[in-house]
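Chain letters run A, B, ... following the sequence lines, proteins first, then strands; residues in each count from 1. On a predicted model such as this, the values are computed, not experimentally measured, just so you know.
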Amino acid sequence: MLHRAKGNQGIYRMKKELEQILNQTIQHCFQEGVLKAVDPPEYIIEVPNNPEHGHFATNLPMVLASSQKRNPRDIAQTIMDHLENHDTFIERAEIAGPGFINFMLKKEKWFSLLDAIITDRDEYGRNTSGDGKNILVEFVSANPTGPLHLGHGRGAALGDTLCRVLSFCGYDVVREFYINDAGQQVRLLGESIYSRWRQMSDPDYPFPEKGYHGAYILDLAEEISAEKDLSTFGVEDAVIFCAEQGRERMLREIRKDLVQFGMDFDVWYSETSLFEKGLVEEALRDMKDKGKLYEKDGASWIQTSSFGDDKDRVIRKNDGQYTYFASDISYHLDKWKRGFSQAVNIWGADHHGYVQRVKAALKANGIDEDWLSVLLVQLVKLWEGGQEVKMSKRAGQYVTLKELVEEVGVDAVRFVFLTKNHDSPLDVDMDLIKRHDSDNPVYYVQYAHARICSIFRKAESEGIIYSRSATKTADRLVLEEEMRLIRFMAEFPSLIRDIGKTFEAHRLTYYLGELAGLFHKYFNIGNQIPENRIVTGDEPLTQARLALVDAIRIVISNGLRLLGVHAPERM
RNA sequence: GCGCCCGUAGCUCAGAUGGAUAGAGCGCCGGGCUUCGAACCCGUAGGUCGCAGGUUCGAAUCCUGCCGGGCGCGCCA
């Protein structure tokens with residue numbers, strides 16, 4: 001299979017090249033004796049925040065200082081005097097501050113990057129860091145007892161975007177939804193539905209104490225009883241029937257909502273199936289054989305406390321019933337046995353107490369705890385008219401994901417759900433999310449894309465044929481704003497790589513906001529000074545600038561695609 | 001009480017592996033369209049990075065203690 005070498009684009013490639021030059025240089029300095037030969041130190045090459053500090057900066061002289069017993073600035077001078085093989089790469093190097101070396105690269109290096117973006121197009125940003133390894137991402141995993149709420153939506157947006165990013169990083173990704181259908185909740189769902197049905201003819205019929213109060217229960221009761229005469233069953237059979245039917249119908253709804261939200265799952269994994277296939281018993285037997293279980297007070301316990309948990313946990317109650325934890329362990333062992341090299345769980349933050357014990361259980365089974373990453377998603381609060389929209393899941397009064405999506409659209413919801421670190425609570429302001437201006441971050445980014453498309457329409461209407469290349473004309477890009485845009489776009493591939501490693505999907509929304517901002521500023525200088533427009537009477541310059549904004553359009557479009565957000569040509 | 005997370009501008013939040021003068025959006029005030037989309041841009045103001053120590057050439061970032069907030073600590077699911 002022939003394809004372009006991926007994963008070495010942009011800043012990443014440049015850093016590697018610079019690193020090679022620096023490594024060679026200090027080795028030669030060691031050999032020539034101008035630096036005392038020591039183990040090569042760990043140093044960084046970074047993109048400075050301050051543009052005056054060059055394109056790249058390294059702290060190499062400072063980390064060498066203690067072993068060399070010399071002033072970092074002296075060492076910097078020595079290194080700079082011995083720089084080799086850099087004629088086509090480094091434009092200028094200078095000592096700065098306490099002992100940094102700042103590098104300015106040749107402009108051609110940056111311009112060739114512009115061509116790389118235009119050539120790679122949809123593929124720009126793809127890398128091979130995943131190396132084809134398979135990774136399981138489990139997310140949403142809602143109980144099939146009610147509609148998805150906003151917290152589920154946030155987890156869904158995070159999970160789906162991570163999956164898209166991980167695929168882009170060369171992982172083989174499996175998306176999985178774990179259906180918690182084994183415990184009392186589904187039974188309770190059945191009781192709730194049955195009770196609502198009975199109440200149609202007998203308003204005084206009791207409703208289960210911890211039953212589900214949402215209006216959807218009544219809908220389910222009506223649907224189910226319309227298809228099947230429940231009075232032909234005894235009470236127990238009717239409740240079981242309602243539970244099964246309710247589970248199926250809720251799952252269908254959940255899936256429909258998720259598809260509408262822009263995602264689907266590869267695997268829908270039922271908790272009940274773990275019991276049916278005997279996996280729970282198998283896991284317990286296995287752990288018992290390994291001596292990780294013991295009996296006390298008529299119950300079975302697992303020794304998680306030996307593996308980082310606060311205390312041991314009951315896995316089978318003294319009435320013979322398994323605890324939720326038992327199926328959870330066997331579920332995760334099954335994930336492991338299915339051969340995934342890595343697993344990611346996205347849980348609501350209220351489950352954070354379980355992270356340690358699940359990891360402990362894995363360790364008890366000889367599995368490295370780093371194999372599993374658990375991301376906790378904090379609460380979503382809704383605000384409208386300056387007031388918090390109070391929700392109560394227990395009373396069945398809450399805004400569902402479906403309602404929010406229908407009101408403000410998939411794009412806005414997905415985007416704002418990723419505007420913050422998953423670990424901090426999120427306030428969603430309905431008034432803001434519905435606005436069609438720069439206050440609404442998703443429109444700000446989409447507008448940049450649409451605006452660029454508009455520029456191309458304009459160019460076309462003036463008879464300009466875009467050459468789709470910057471090779472011959474890019475040296476006409478002399479404005480500071482233009483260099484800044486190119487350099488910023490160069491960071492996109494390493495950003496994607498980082499997100500694939502750290503799972504910090506929100507960094508993508510921030511990046512796109514900043515890129516859109518740089519573009520809007522650039523566009524506006526043409527409003528003041530006509531020579532700074534993209535489409536001008538100067539043909540080569542116009543071609544160069546079209547290549548630049550084409551690249552911006554590509555990066556925005558690729559970023560939005562990873563977020564599951566549309567990149568409109570008009571809006 | 002124990003464990004995890006958090007504390008950065010008036011508000012909401014970014015600040016990857018420790019780096020140079022800590023950033024953005026909103027809000028306030030003031031500006032910019034007869035010409036590429038004003039769904040945009042520009043400018044002013046706003047900070048003991050919760051507090052106190054420590055590590056280091058260098059700390060918002062790492063360590064310790066304290067203060068303040070959130071969540072979790074069932075033979076519940």
Side-chain angles (χ1 to χ4, degrees), chain A residues 42 44 46 48-50 52-53 57 59 62-63 65-66 71-72 96-100 102 143 145 180 182-188 210 271 296-301 309-311 313-319 321-325 327 348-357 376 378-379 419-421 423-427 429 432 435-441 443-444 446-448 450-459 461-462 494-495 497-499 501-502 504 506-507 509-510 513-514 516-517 519-528 530 532-536 542 545 549 570-571:
Chain A
E42 288 207 7
I44 59 165
E46 61 166 5
N49 295 322
N50 187 338
E52 288 172 22
H53 295 152
N59 65 347
M62 287 184 285
V63 297
S66 62
N71 179 327
F100 291 99
N102 295 337
N143 295 342
T145 55
N180 285 117
Q184 288 301 306
Q185 324 93 300
V186 172
R187 162 86 197 182
L188 205 52
K210 292 179 178 173
E271 182 184 8
K296 192 181 90 180
D297 304 335
S300 301
W301 297 68
D309 195 8
D310 297 340
K311 52 184 168 188
R313 307 285 172 178
V314 169
I315 208 168
R316 190 191 336 231
K317 299 184 264 184
N318 59 16
D319 64 2
Q321 293 272 318
Y322 294 106
T323 62
Y324 173 81
F325 192 37
S327 50
D350 53 338
H351 289 77
H352 91 251
Y354 298 92
V355 177
Q356 207 42 51
R357 73 179 70 163
L376 299 174
Q378 294 284 351
L379 220 63
T419 49
K420 285 178 186 26
N421 190 320
D423 209 20
S424 55
L426 175 69
D427 290 331
D429 183 340
L432 188 148
R435 276 161 73 170
H436 290 196
D437 58 29
S438 64
D439 293 351
N440 186 336
Y443 282 100
Y444 186 73
Q446 288 180 317
Y447 181 53
R451 216 177 199 184
I452 293 170
C453 292
S454 170
I455 293 168
F456 276 90
R457 288 192 292 270
K458 163 82 176 173
S461 77
E462 304 213 343
S494 26
L495 175 76
R497 186 182 283 263
D498 277 0
I499 293 173
K501 211 167 53 191
T502 62
E504 293 168 338
H506 68 285
R507 288 174 59 188
T509 56
Y510 276 87
E514 202 173 337
F519 165 72
H520 287 310
K521 286 187 217 319
Y522 174 55
F523 180 90
N524 268 279
I525 60 173
N527 282 341
Q528 302 296 325
N532 286 342
R533 289 171 190 238
I534 289 136
V535 179
T536 66
T542 298
R545 288 183 175 163
V549 297
R570 287 189 167 86
M571 52 194 286

Exercise. Quick one: list whatever passes ring-ring contact (aromatic ring centres under 6.0 Å, His included) with A:F523, sequence neighbours left out.
Key: none

Exercise. Indicate whether OP1 or OP2 belonging to B:A14 is found under 4.0 Å from a side-chain N or O atom of A:K420.
Key: no

Quiz item: Taking the same atom, P, in B:G74 and in B:C62, what whole-Å distance lies between them?
Solution: 30 Å

Self-check item: Residue list, salt bridge (Lys or Arg N to Asp or Glu O under 4.0 Å) with A:E504, at least two apart or on another chain
Solution: A:R507

Exercise. State the pairing partner of B:G37; accept Watson-Crick or G-U wobble contacts with both distances under 3.5 Å, and report none otherwise.
Key: none

Quiz item: For A:E462, what residues pass the salt bridge (Lys or Arg N to Asp or Glu O under 4.0 Å) criterion, not counting sequence neighbours?
Solution: A:K458

Exercise. Counting Watson-Crick and G-U wobble pairs only, both distances under 3.5 Å, name the nucleotide matched with B:G46, or none.
Key: none

Quiz item: Should B:G25 form a Watson-Crick or G-U wobble pair with both distances under 3.5 Å, which nucleotide is its partner?
Solution: B:C11

Quiz item: Once you round it to whole Å, what is the distance between P of B:C40 and OH of A:Y444?
Solution: 8 Å

Exercise. May I have the distance from A:L426 (atom CG) to B:C6 (atom P), rounded to whole angstrom?
Key: 17 Å

Self-check item: Phosphate-side-chain proximity, A:S424 and B:A14, N/O vs OP1/OP2 below 4.0 Å
Solution: yes

Quiz item: When rounded to the nearest Å, what value does the distance between P atoms of B:G27 and B:C40 take?
Solution: 11 Å

Exercise. Applying side chain to side chain contact (heavy atoms under 4.5 Å, CB included), name anything that partners A:K311, two or more places apart in sequence or on another chain.
Key: A:R313

Quiz item: Would A:T145 and A:Q185 count as having a side-chain donor-acceptor pair, cut-off 3.5 Å?
Solution: no

Quiz prompt | Pairing partner of B:G74 (Watson-Crick or G-U wobble, both distances under 3.5 Å) | solution = none

Polar-atom pairs under 3.5 Å, protein N or O versus N or O of nucleotides 28-32 of chain B: list them with distances, or write none.
{"residue": "B:G32", "atom": "O2'", "partner": "A:Q528", "partner atom": "NE2", "Å": "3.3"}

Self-check item: Separation of B:C40 P from A:H520 NE2 (nearest whole Å)
Solution: 7 Å

Quiz prompt | Integer angstrom distance from the P of B:C33 to that of B:C42 | solution = 16 Å

Practice problem: Take atom C1' in B:G50 and the same atom in B:A38, then report the distance between them in whole Å. | Solution: 42 Å

Exercise. Find the distance A:L376:CG to B:G3:P and express it as a whole number of Å.
Key: 18 Å

Quiz item: Using purine N1 to pyrimidine N3 plus N6-O4 or O6-N4 for Watson-Crick, or N1-O2 and O6-N3 for G-U wobble, each under 3.5 Å, what pairs with B:C51?
Solution: B:G65

Quiz item: What one-letter contact string describes nucleotides 16-22 of chain B from 5' to 3', where B marks a base within less than 4.0 Å of any protein heavy atom, S marks contact via sugar-phosphate atoms alone, and - marks no contact?
Solution: B--BBB-

Quiz prompt | Earlier contact from the 5' end, RNA chain B, for A:N421 and A:V535 | solution = A:N421

Quiz prompt | Listed partners of A:Y354 passing ring-ring contact (aromatic ring centres under 6.0 Å, His included), at least two apart | solution = A:H351

Self-check item: A:R187: partners by salt bridge (Lys or Arg N to Asp or Glu O under 4.0 Å), with sequence neighbours left out
Solution: A:E191, A:E236

Practice problem: Write down the distance separating the C1' atoms in B:A45 and B:G31, rounded off to the nearest Å. | Solution: 15 Å

Quiz item: Once you round it to whole Å, what is the distance between P of B:A38 and OH of A:Y522?
Solution: 16 Å

Quiz item: If the C1' atom of B:A16 is compared with that of B:C57, how far apart are they to the nearest Å?
Solution: 23 Å

Exercise. Take atom CG of A:D427 and atom P of B:G70, then tell me their distance rounded to the nearest Å.
Key: 15 Å

Quiz item: Of all residues at least two apart in sequence or in a different chain, which pass the side chain to side chain contact (heavy atoms under 4.5 Å, CB included) check with A:D297?
Solution: none

Exercise. Using Watson-Crick or G-U wobble geometry with both distances below 3.5 Å, tell me the partner of B:C57, or none.
Key: B:G19

Quiz item: How far, in whole Å, is B:A22 from B:U48 if one measures between their P atoms?
Solution: 13 Å

Practice problem: Summarise how protein sits on nucleotides 71-76 of chain B as a single string, 5' to 3': B when a protein heavy atom is under 4.0 Å from the base, S for sugar-phosphate-only contact, - for no contact. | Solution: BSSSBB

Quiz item: Counting any heavy atom closer than 4.0 Å, what does A:P72 reach on the DNA or RNA strands: base, sugar-phosphate only, or nothing?
Solution: nothing

Practice problem: State which of B:A39, B:C40, B:G37 makes the closest approach to the side chain of A:Y443. | Solution: B:A39

Quiz item: How many Å lie between CD1 on A:I455 and P on B:U35, as a whole number?
Solution: 15 Å

Quiz item: Judged by atom type as modelled, is there a donor-acceptor pair below 3.5 Å linking the side chain of A:S300 to the main-chain atoms of A:R316?
Solution: no

Quiz item: For RNA chain B, whose closest nucleotide is more 5', that of A:H506 or that of A:G526?
Solution: A:H506

Quiz item: Considering only the C1' atoms, how many Å lie between B:A14 and B:G25, rounded to the nearest integer?
Solution: 10 Å

Practice problem: Looking only at non-hydrogen atoms, find the nearest pair between A:T536 and A:P530 and report the distance. | Solution: CG2-O, 4.0 Å

Quiz item: Is a side-chain N or O of A:R357 found less than 3.5 angstrom from the main chain of A:D309, in a donor-acceptor match?
Solution: no

Quiz item: Excluding sequence neighbours, so at least two apart, what forms ring-ring contact (aromatic ring centres under 6.0 Å, His included) with A:Y322?
Solution: A:F275

Quiz item: Can any side-chain N or O of A:N59 pair as donor or acceptor with the backbone N or O of A:I44 at less than 3.5 Å?
Solution: yes

Quiz item: Can you check the A:I525 CD1 to B:C40 P distance for me, whole Å?
Solution: 18 Å

Practice problem: With heavy atoms under 4.0 Å as the rule, sort A:Y510 into base, sugar-phosphate or nothing. | Solution: sugar-phosphate

Quiz prompt | Non-neighbouring partners of A:Y447 that pass ring-ring contact (aromatic ring centres under 6.0 Å, His included), sequence neighbours left out | solution = A:H520

